[in-house]
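Sequential numbering from 1 along the given sequence is applied to the chain's residues. Treat the numbers as computed from the prediction; the structure is a model and nothing was measured.
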Amino acid sequence: MENLISQSSVWLREEDCLSGAIQDRTMAVLAKFHQFIKVNSGELEHITKVSSDEMQKIINACKTDIGNILNAYLRGNQHISLTTTETLVKKMGTKTVPVGLRLYKAREGENHYLFSEEEMFHIPFDKRDKIGNQRYSISGIPCLYLGSSSYVCREELGRVNFDMCNYCGYTNILPIEVFDLSLPSIISSLDDIKRVCIILACSLSAKRDALFKEEYILPQNIFQALILRHHYNHKVFCIKYISTHLLNGDADCFECNFSEKEISRYYNYVFPAAESQKKGYSAKLKSYFTKTKTVAMFREKLVSLDRLIAGGNDDAYLDSQFGLMDALLDEKMGLEPIRKEMTFLTL
């Protein structure tokens, strides 16, 4: 059976998933997944212990619900759209982000000065007017955006100037609930089938400069539904997903064969700060993390020139400047860098 992440990347780049009405594009990618399930039904029945008929019922139900969500929203009935989304994700559980996860934050540099520690957190509550819509966030709600590598962080910023880009490292000191919307490489349960349907429908490519991105309807509804779910328990939570830049073929600096090691560099995490504070930053969200001081490559070239060399890791990513940035931040977090440095003998 083919790697499902690799297959999904192929589907999402096909013409019927790239252009046309959002309802048609969504049904097109779900139809491709439906066919994948049919072709591999024998193997999947053995793995999941679930009949092919049950799998197909789940996919058909997801098609109906997602279609209703999109249609209701586009008719102006956002209430029905959101309540249907709540029902869709109601029985889907969360996982736990273990303590000590390596995460990174990037922000486009504006000059040859580094951003302060607070400026590398979420947009403050008193600057809500600067918060626009993103795939998994909505206008006016501050979010902390972190990635599993410095590379995926820069991709999400639209490939800003790498030397000027400011980075810092984050590691959580408390477990965090995560609603996992990252594609699995294989189907192992009936829950995976429903989750994959939702993920594919949330992963369609959007035009960066469009004022309204219909591709964001479902993921933003999920974002709101999860905020409502966590409203009364006041828990910090996040949404985890594989960068759509990878799935849609934009993240092409490094060849990706969709191995577990490679995919681990393309995870995004969104931590909402859905609070009614008038100014400043979420103290609750801050209490879950330790973070490094800000780092930028332009400064490292001035003060640590001896390190700006390939590390001899037999891994194009680790030997790149992104691999070096990850290593610099890992060290500042007190973690053992994955990148191995070359050693030089002196006479």
Item checked: Neighbour count >12 (heavy atoms, 6.0 Å) for atom NZ, Lys95 -> no
Check: What do the steps show when you test Phe223 against Cys143 for side-chain contact (heavy atoms from CB on, under 4.5 Å), and what is the final call?
Finding: CA-CA 11 Å; Phe223 176 85; Cys143 291; 3.7 Å; yes
Checklist line | Spatial distance of atom CD1 (Ile37) from atom NZ (Lys32) [nearest 0.5 Å] | finding: 15.0 Å
Next item on the list: Consider only side-chain N and O atoms of Glu15 and Ser19, and report whether a donor and an acceptor are under 3.5 Å apart.
Entry: yes
Checklist line | Considering all heavy atoms, the nearest Pro184-Ile5 contact | finding: O-CG1, 3.5 Å
Check: Taking atom NZ of Lys90 and atom CZ of Arg229, what is their separation to the nearest 0.5 Å?
Finding: 10.0 Å
Check: Is Arg102 paired with Asp330 through a side-chain N to carboxylate O contact shorter than 4.0 Å?
Finding: yes
Check: Any donor-acceptor pair under 3.5 Å linking the side chain of Asn40 with the backbone of Glu43?
Finding: no
Item checked: Ion pair Arg265/Asp315, N-O distance below 4.0 Å -> yes
Item checked: Shared hydrophobic cluster for Ile80 and Ile198 (ILVMFWY, side-chain gaps under 4.5 Å) -> no
Notebook entry, point to check: Regarding Ser116 and Glu119, is there a side-chain donor-to-acceptor distance under 3.5 Å anywhere?
Noted result: yes
Check: Atom CD of Glu54 and atom CD1 of Ile59: how far apart are they, to the nearest 0.5 Å?
Finding: 12.0 Å
Notebook entry, point to check: Mind checking whether Phe254 and Tyr317 have parallel, tilted or perpendicular rings, split at 30° and 60°?
Noted result: perpendicular
Notebook entry, point to check: How many angstroms lie between NE2 in His245 and CD in Glu155, if you round to the nearest 0.5 Å?
Noted result: 6.5 Å
Item checked: Donor + acceptor pair across side chains of Ser81, Asn221 (<3.5 Å) -> yes
Margin query: Check Asp250 with Arg154, please: is the shortest side-chain N to carboxylate O separation under 4.0 Å?
Written below: no
Note to self: Side chains of Asn133 and Ser139: any donor to acceptor distance under 3.5 Å?
What the structure shows: yes
Check: How many angstroms lie between atom CG of Asn268 and atom OG1 of Thr244, to the nearest 0.5 angstrom?
Finding: 8.0 Å
Notebook entry, point to check: With a cut-off of 6.0 Å (strictly less than), are more than 12 heavy atoms of other residues, nucleotides or ligands near CD1 of Ile173?
Noted result: yes
Notebook entry, point to check: Is there a donor in the side chain of Glu260 and an acceptor in the side chain of Ser264, or the other way round, less than 3.5 Å apart?
Noted result: no
Margin query: Does either side chain, that of Gln23 or that of Thr26, offer a donor lying less than 3.5 Å from an acceptor on the other one?
Written below: no
Next item on the list: With rounding to the nearest 0.5 Å, note down the distance linking CZ in Arg25 to CG in Leu70.
Entry: 11.0 Å
Next item on the list: Say whether Met92 and Tyr136 are linked into one hydrophobic cluster, either directly or through other cluster members, by side-chain heavy-atom distances under 4.5 angstrom.
Entry: yes
Notebook entry, point to check: Among Lys293, Lys291, Lys286, which residue meets the salt bridge (Lys or Arg N to Asp or Glu O under 4.0 Å) test with Glu118?
Noted result: Lys286
Margin query: Distance to the ring centre below 6.0 angstrom and angle to the axis at most 45 degrees; does that hold for Arg195 and Phe179?
Written below: yes
Check: When you look at CD of Glu2, are more than 12 heavy atoms from neighbouring residues, nucleotides or ligands closer to it than 6.0 Å?
Finding: no
Next item on the list: Validate the cation-pi geometry between Lys279 and Phe125: distance from NZ or CZ to the six-membered ring centre under 6.0 Å, angle to the ring axis within 45°.
Entry: no
Note to self: Taking the cut-offs as 6.0 angstrom to the six-membered ring centre and 45 degrees off its axis, would you call Arg107 and Phe115 a cation-pi pair?
What the structure shows: yes
Note to self: Strictly below 4.0 Å, N to O, side chains only: are Lys57 and Asp53 in salt-bridge contact?
What the structure shows: no
Check: Hey, which of Tyr151, Phe298, Phe322 is the one that makes ring pair (Phe, Tyr, Trp, His ring centres under 6.0 Å) with Phe162?
Finding: Phe322
Check: Where does the angle between the aromatic ring planes of Phe289 and Tyr170 fall among parallel (under 30°), tilted (30 to 60°) and perpendicular (over 60°)?
Finding: perpendicular
Notebook entry, point to check: Would you call Lys278 and Asp126 a salt bridge, taking side-chain N to carboxylate O under 4.0 Å as the test?
Noted result: no
Notebook entry, point to check: Passes side chain to side chain donor-acceptor pair (under 3.5 Å), Asn257 versus Ser259? Steps please.
Noted result: CA-CA 6 Å; Asn257 295 315; Ser259 68; over 6 Å; no
Next item on the list: Fit a plane to each ring of Phe36 and Phe33, take the angle between them on a 0 to 90° scale, and name the class: parallel (under 30°), tilted (30 to 60°) or perpendicular (over 60°).
Entry: parallel
Margin query: Quick one about Ser205 and Glu215 (side-chain donor to acceptor, distance below 3.5 Å, no hydrogens or angles considered), yes or no?
Written below: no
Next item on the list: Please report the C-alpha distance between Ile193 and Ile187 in whole Å, then the side-chain angles of each, then the deciding distance to 0.1 Å, and finally whether the side-chain contact (heavy atoms from CB on, under 4.5 Å) criterion is met.
Entry: CA-CA 7 Å; Ile193 293 175; Ile187 298 292; 3.8 Å; yes
Check: Looking only at heavy atoms, what is the nearest atom pair of Ser150 and Tyr104, with distance?
Finding: N-CD1, 4.0 Å
